[in-house]
Amino acid sequence: MMNEKVHELLNQQINKEFYSAYLYLQFSNYFKAKSLDGFANWYMIQAQEERDHALLFYQYLQNNNMPVTLGAIEEPIQEFESNMAVLEAGLNHEIYVTSLINDIYAAAYEVKDFRTMQFLDWFVKEQGEEETNANDLISKMELFGSDPKSLYMLNQELGTRVYTAPSLVL
């Protein structure tokens with residue numbers, strides 16, 4: 001039987017991951033309105049990843065015969081001061097999600113829930129990649145964002161990203 005606190009945190013994470021998807025959809029919407037289709041594509045794929053992360057938590061709970069309670073998803077940030085502000089909000093959000101994953105891991109560790117810890121190992125690695133990607137986007141924007149031709153090239157680069165579903169075995 002899964003520990004009550006671990007179960008609650010895993011269930012809450014479903015909502016947090018769906019919020020992440022909403023947030024990244026809003027980022028995509030922001031960039032689409034600015035005619036930066038590559039940036040919009042990059043964040044649309046981020047939204048797809050976050051949705052799939054939510055479903056992985058959902059499936060994990062179901063596979064462990066634990067009830068899932070779906071709650072309301074908070075409305076994402078609507079207004080941004082600049083392109084850079086969006087990227088910085090993305091990095092800050094990924095740092096926040098990393099803290100959530102770490103909290104679940106710590107709760108599982110405390111009660112020796114090794115199955116959940118093993119499940120979370122993939123997310124720990126994924127969050128490292130997510131933070132690196134967010135940092136890289138900020139670095140590239142700092143280098144190229146003020147030059148229209150360079151911003152165009154960066155936008156083109158981001159437009160080539162394609163979605164790859166996670167291959168996590170539950």
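Just so it is clear, the structure is predicted and the values come from calculations on it, not from any experiment.
Rounded to the nearest 0.5 Å, atoms CZ (F57) and CG (N15) are 12.5 Å apart. Going from atom CD of E8 over to atom CE of M66 covers 11.0 Å, rounded to the nearest 0.5 Å. With values rounded to the nearest 0.5 angstrom, E94 atom CD is found 11.0 Å from E129 atom CD. Interatomic distance, Y152 OH to L36 CG, rounded to the nearest 0.5 Å: 11.5 Å. K16 contributes atom NZ, which lies 9.0 Å from atom OH of Y19 (distance to the nearest 0.5 angstrom). Distance check: L61 CG to L56 CG gives 11.5 Å after rounding to the nearest 0.5 Å.
A side-chain hydrogen bond (donor to acceptor under 3.5 Å, both in side chains) check over residues 133-143, counting only residues at least two apart or in different chains, returns the pairs K140-E157. The stretch residues 21-44 participates, sequence neighbours left out, in these salt bridge (charged side-chain N to carboxylate O under 4.0 Å, His left out) pairs: K32-D37.
L151 and F144 are members of different hydrophobic clusters when ILVMFWY side chains are connected at heavy-atom separations under 4.5 Å. Taking hydrophobic clusters as Ile, Leu, Val, Met, Phe, Trp and Tyr residues chained together by side-chain heavy-atom distances below 4.5 Å, Y58 shares a cluster with I73. A single hydrophobic cluster is seen to contain both I104 and I95, as judged by linkage of ILVMFWY side chains at heavy-atom distances under 4.5 Å, directly or through other members. Taken together through direct or relayed side-chain contacts under 4.5 Å among Ile, Leu, Val, Met, Phe, Trp and Tyr, L25 and F80 form parts of separate hydrophobic clusters. Under a hydrophobic-cluster definition in which Ile, Leu, Val, Met, Phe, Trp and Tyr are linked whenever side-chain heavy atoms come within less than 4.5 Å, directly or via other members, I14 and V124 are assigned to the same cluster.
S20 and H93 share a donor-acceptor pair across their side chains, judged by distance under 3.5 Å alone. Using modelled atom types and a 3.5 Å distance limit, the side chains of H53 and E50 yield a donor-acceptor pair. Side chains of Q13 and E17: a donor-acceptor N/O pair is present below 3.5 angstrom, by distance only.
Side-chain contact between H7 and P67 is present, with heavy atoms from C-beta onward closer than 4.5 Å. Here the side chains of Q127 and V97 are in contact, with some heavy-atom distance below 4.5 Å. Two residues are said to be in side-chain contact when any heavy atoms from C-beta on lie closer than 4.5 Å; L10 and M2 meet this criterion. Put simply, the side chain of F39 reaches to within 4.5 Å of the side chain of L154, judged on heavy atoms. Residues V68 and Y60 are not in side-chain contact: their nearest non-hydrogen atoms beyond the backbone lie 4.5 Å or more apart. Using a 4.5 Å heavy-atom cutoff, the side chains of F114 and K112 are in contact. Using a 4.5 Å heavy-atom cutoff, the side chains of V86 and E81 are not in contact.
Looking at T116, its side chain never comes within 3.5 Å of a backbone N or O of D113 through a donor-acceptor pair. Of the possible polar contacts, none joining the E74 side chain to the A72 backbone as a donor-acceptor pair under 3.5 Å is found. Side-chain atoms of N3 never come within 3.5 Å of backbone atoms of V111 as a donor-acceptor pair (strictly under, hydrogens ignored).
Here the closest heavy-atom approach between residue I138 and residue M84 is recorded as O-CE, 3.8 Å. Here the shortest heavy-atom pairing between F18 and R51 reads CE2-CG, 4.0 Å. Looking at every heavy atom in both residues, A40 comes nearest to S28 through O-OG, 2.8 Å.
The six-membered or imidazole ring of F27 lies near that of Y24, with a centre-to-centre distance under 6.0 Å. Proximity of the aromatic rings of F123 and Y105 is defined here by a centroid distance below 6.0 angstrom, and this criterion is not met.
Other residues, nucleotides and ligands place more than 12 heavy atoms under 6.0 Å from the CD atom of Q62.
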- Task: Go through the steps to decide whether N155 and F31 satisfy the test side-chain contact (heavy atoms from CB on, under 4.5 Å), and finish with yes or no.
- Result: CA-CA 10 Å; N155 186 60; F31 284 116; over 6 Å; no
List the atom pairs, with distances to 0.1 Å, where a side-chain N or O of residues 41-48 and a protein N or O form a donor-acceptor pair under 3.5 Å, not counting sequence neighbours.
{"from": "N41", "atom 1": "ND2", "to": "L158", "atom 2": "O", "distance (Å)": "3.1"}
{"from": "N41", "atom 1": "ND2", "to": "G159", "atom 2": "O", "distance (Å)": "3.4"}
{"from": "N41", "atom 1": "ND2", "to": "R161", "atom 2": "O", "distance (Å)": "3.0"}
{"from": "Q46", "atom 1": "OE1", "to": "R161", "atom 2": "NH1", "distance (Å)": "2.9"}
{"from": "Q46", "atom 1": "OE1", "to": "R161", "atom 2": "NH2", "distance (Å)": "2.8"}
{"from": "Q46", "atom 1": "NE2", "to": "E130", "atom 2": "OE1", "distance (Å)": "3.0"}

